[in-house]
There are 2 protein chains.
Amino acid sequence: MLGLRVRGARSPLSRCISNLRLGPTIRQVLASQPTEEVIQVHGWVRSVRLQKRVAFAMIHDGTCAQSLQVVFADPHLPQRLTNGTSVRLTGRLTTSPGPGQAIELLADSLDVVGECDPALYPIQKQALSVEYLRDHAHLRARTEAPGAVLRLRDQATRTLHDYFADLDFTYAHTPIITSNDAEGAGETFRLAPVAAAHAHAPTEFFGKPSFLTVSSQLHLEALAHAVSRVWTLSPCFRAERSQTSRHLAEFWMLEAEWAFTDSLDSLTSVVEGAVKRVLSVDSADRQLLWKGRDSAALDAAAGGAPWARMSYREAVAALQASGAAFEFAPKWGRSLASEHERWLAEAHVGGPVFVTDYPAALKPFYMRRNADEETVACFDLLVPGVGELAGGSLREERPDLLALALEEHDLDPAAYGWYAELRKYGGAPHGGFGMGFERLISWLGGIDNVRECIPMPRWAGRMLL
Amino acid sequence: MLGLRVRGARSPLSRCISNLRLGPTIRQVLASQPTEEVIQVHGWVRSVRLQKRVAFAMIHDGTCAQSLQVVFADPHLPQRLTNGTSVRLTGRLTTSPGPGQAIELLADSLDVVGECDPALYPIQKQALSVEYLRDHAHLRARTEAPGAVLRLRDQATRTLHDYFADLDFTYAHTPIITSNDAEGAGETFRLAPVAAAHAHAPTEFFGKPSFLTVSSQLHLEALAHAVSRVWTLSPCFRAERSQTSRHLAEFWMLEAEWAFTDSLDSLTSVVEGAVKRVLSVDSADRQLLWKGRDSAALDAAAGGAPWARMSYREAVAALQASGAAFEFAPKWGRSLASEHERWLAEAHVGGPVFVTDYPAALKPFYMRRNADEETVACFDLLVPGVGELAGGSLREERPDLLALALEEHDLDPAAYGWYAELRKYGGAPHGGFGMGFERLISWLGGIDNVRECIPMPRWAGRMLL
């Protein structure tokens, strides 16, 4: 058998690979040593180069950014091979004399597994626009960048699991269907009533109006009062018609909550640690996505220096003193507009910046009131190119102040009875944050639009597959 | 600083813990050595025992199954401490002279962080019924078994990430909102139309009927044709009114698909490997859940012996020959009833069993037709106590046979145009499976009802929080 190296080295699983009857992947083959043994490799043709006495093909299988170079001593073998065809190759791994790869497959035989008519195949070799690829969502991940995004999401997910497990956070699955709309934002998807056997009209399946979650935060707060530290990576939904490069109707959100913390520094440290951990992964896929472009700013953010912090008050003062021509005038008490957020991260700081302590009136009811009674202990994380990447706060754990906040936000205290009980029985100072996963991928990969950061994007008027 | 051991040993993160301003968890404390250093620990009171010259308290924080024993040299300190109160303790870790723990905290000081009125607290110390705890979903995870289930789900999730990463599977987020209802099962949730600015009546947000996914399989098949091997752990939904101990309206499903496989053995090997890997984790939480009960059958399933396999034909013959009094007579061509499935796993095999090659008429359109033209290359995995835990098949990759199957199942070929294209352009023999995550937890933890296997369960007429 081929001496395959298994990713990581977590278990004696390498012994099991043959038992599992899975052949070697191209990632495994490229990580192997040359061997006299005859192996079989599967994949799709990315390109073919025919010469008089020898032929070459690049074969990929999507398990890594690289393709495997295949050399045919018989140049007739791949003669009719076209882009996108799936093949089975038999041969030996040898040291490659050419530049660009350490190893190549010397192929004795070639079987076409599935043909691919070049006259019909929608994925042609020339550059295809992102819009065209979106229209071919079922084939999109076969191309380089969308494939790299898929693997980058996987790496980021596993890295986050490791990071939070190291900190004793428990990963939790919070509800998708819920009866509350979290921030009273209103732009929620609602489930249609369903037909019932003994009712004339359709009825609510759960006996009351049901919505798709916009945030797992309130549920995570309940769990943080049980297991201290929790996090999730969960789908969230917004029925928002605005079409920006940063919004999707269905997206994934990383959220974490933990008990026994009473400082914003603790919150921002965990956020910064999480993102830096993801950035510290040596990733061929990230390199592929940045190919030909300057990622120095991103690399700098990954470094050891702590990220900048300023209060909302300082941020407004800096915006006002900037002399920049903003569409909206920055003013204390007003939300920061997108243009302000980007100026702060891109022009003013030149890197990620935590903006903290916003006026209470601009933020949801659950954020903890500061001693000044005017602001709340919260932060937004702004990063160059993306704008707001994450937001979080200490949560109001004082029952009387929570009741006051519900009143100020015109929210029904009865609907938040269970939420208030978390404070009543063994409550604890706590806090947490949320981070848009597609925005994180967008920043990591230098990708303009979050529609390219999720395999099958949904937005107003658009849902393929 | 306390010499804390970080879970696993993946990174130099231990150095960062103090930077992250998170205090030590009880799991970390219990894994530490006695030290003269003064430390601070947070948690909730599980019990207090007052003696004349000394007092004891058991403090937990949900990061592990165990509580920390705290010894107060001043027995007055914890005098008014009640169950559920959150506290901050200061003291030194010492070797415990008593049985039951290696280490204990000698506390100098005690601060009550959040009180918990024992006259009002819904979580009393006596045993509470599962139904009562379901009614208090926001507090449920504070009790032993539900807390253990939370951690077990986390362990299982991370173990599955490691397992599939080792096999070069890419983890993918497939869509939750979709336009197809996968198996034509009909029992799907549909989104209500939403108000639109320029329309008199509410309109479909995506311009067409939208449903909550019942399976990620078709989407995973598309991705498997791009990156060869994919898996997901994704929420799925069934608007099913039947109320059994094995069904939820919202549940999580592990699904995997991979290309370049043409044998059922490959499928069942990957399934068996995944479950055995999860079973191989040495888990205090699983032990807690099995406390006082015999888990020998589960332990045996985790062992090295390969799980049993039989064809549907053999299974029906065994059922017919059993002499058992079934409600439904087993017969070739009929579905196996729950009673049949459990008899096969519990009485006949006495362990997990893969039942393969069902009649095509009993199964969905996408399963690959066998050479006998009568059956399909599929399996159901049946396990004692649970019944069907997983199901999978090779997928029909031959375009003409796929078209025939769509016709036989009265499905509109136009709706599956993209799905057929996966076969047309570089198609490959492939297959996959799905496994109910709550059923897996139910089996692992010996838990009767899947409502106890998810933090906040939803079923017909029932949705708390």
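Computed from a prediction, not measured in an experiment: that's the story for all the values here. Computation of the quantities below employed the complete heavy-atom set of this structure, encompassing side-chain atoms and omitting hydrogens, waters and symmetry-equivalent molecules. Naming: A, B, ... by sequence-line order, numbering from 1 per chain.
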So what's closer than 4.5 Å to chain B heavy atoms on [X]: side chain, backbone, both or neither?
X         : value
Glu240(A) : backbone
Leu139(A) : side chain
Pro209(A) : backbone
Trp459(A) : backbone
Thr174(A) : backbone
Phe205(A) : both
Trp252(A) : side chain
Pro235(A) : side chain
Ala224(A) : backbone
Ile123(A) : neither
Phe437(A) : side chain
Arg229(A) : side chain
Glu115(A) : backbone
Ile176(A) : both

Please name all residues satisfying side chain to side chain contact (heavy atoms under 4.5 Å, CB included) with Glu397(B), sequence neighbours left out, ordered by chain then number.
Arg368(B), Arg423(B), Pro429(B), His430(B)
Excluding sequence neighbours, so at least two apart, what forms side chain to side chain contact (heavy atoms under 4.5 Å, CB included) with Thr159(A)?
Arg277(A), Val278(A), Val281(A)
Give me the atom names and distance for the closest heavy-atom approach of [X] to [Y].
X         : Y         : result
Ile177(B) : Leu212(A) : CD1-CD1, 4.1 Å
Cys116(A) : Gly426(B) : CB-N, 3.8 Å
Met463(B) : Ser210(A) : CE-OG, 3.6 Å
Lys424(B) : Leu120(A) : CE-CD1, 4.1 Å
Leu422(B) : Arg142(A) : O-NH2, 3.8 Å
Met456(B) : Ala222(A) : CE-CB, 4.3 Å

Output yes when a side-chain donor or acceptor of Ser86(B) lies under 3.5 Å from a complementary backbone atom of Gly427(A), and no otherwise.
yes
Would a distance-only check, ignoring hydrogens and angles, find a side-chain to backbone donor-acceptor pair under 3.5 Å from Ser228(B) to Asp61(A)?
yes
Within-4.5 Å side-chain heavy-atom neighbours: [X] and [Y]:
X         : Y         : value
Val194(B) : Glu187(A) : no
Asp168(A) : Ile26(B)  : no
Leu191(A) : Arg190(B) : no
Asp162(A) : Arg158(B) : no
Arg151(A) : Val227(B) : yes
Leu22(A)  : Ser266(B) : yes

Count the heavy-atom pairs under 4.5 Å between each of Pro175(B), Gly84(B), Gly43(B) and chain A, then report the option with the highest count.
Pro175(B)
If you count heavy-atom pairs under 4.5 Å between each of Arg153(B), Glu250(B), His60(B) and chain A, which one has the most?
Glu250(B)
Aromatic rings His225(A) and Trp44(B): how do their planes relate, parallel, tilted or perpendicular, breaks at 30° and 60°?
tilted
Can you tell me how the ring of His161(A) sits relative to the ring of His161(B), calling it parallel under 30°, perpendicular over 60° and tilted otherwise?
tilted
With a 4.5 angstrom heavy-atom cut-off, which part of [X] approaches chain A: side chain, backbone, both or neither?
X         : answer
Ser280(B) : neither
Leu223(B) : side chain
Ala259(B) : side chain

Rounded to the nearest 0.5 Å, what's the gap from [atom1] on [X] to [atom2] on [Y]? Could you check?
X         : Y         : atom1 : atom2 : value
Thr63(B)  : Leu167(A) : OG1   : CG    : 12.0 Å
Leu218(A) : His138(B) : CG    : NE2   : 12.5 Å
Tyr425(B) : His136(A) : OH    : NE2   : 8.5 Å
Tyr121(A) : Glu421(B) : OH    : CD    : 10.0 Å
Leu233(B) : Thr157(A) : CG    : OG1   : 11.5 Å

Of all of [options], which one pairs up most often with chain B through heavy atoms under 4.5 Å apart?
options                                  : value
Ala137(A), Pro306(A), Ala239(A)          : Ala239(A)
Leu150(A), Thr85(A), Thr82(A), Leu464(A) : Leu150(A)
Glu204(A), Arg458(A), Arg462(A)          : Arg458(A)

Centre-to-centre under 6.0 Å for Phe189(B) and Phe206(A), is that the case here?
yes
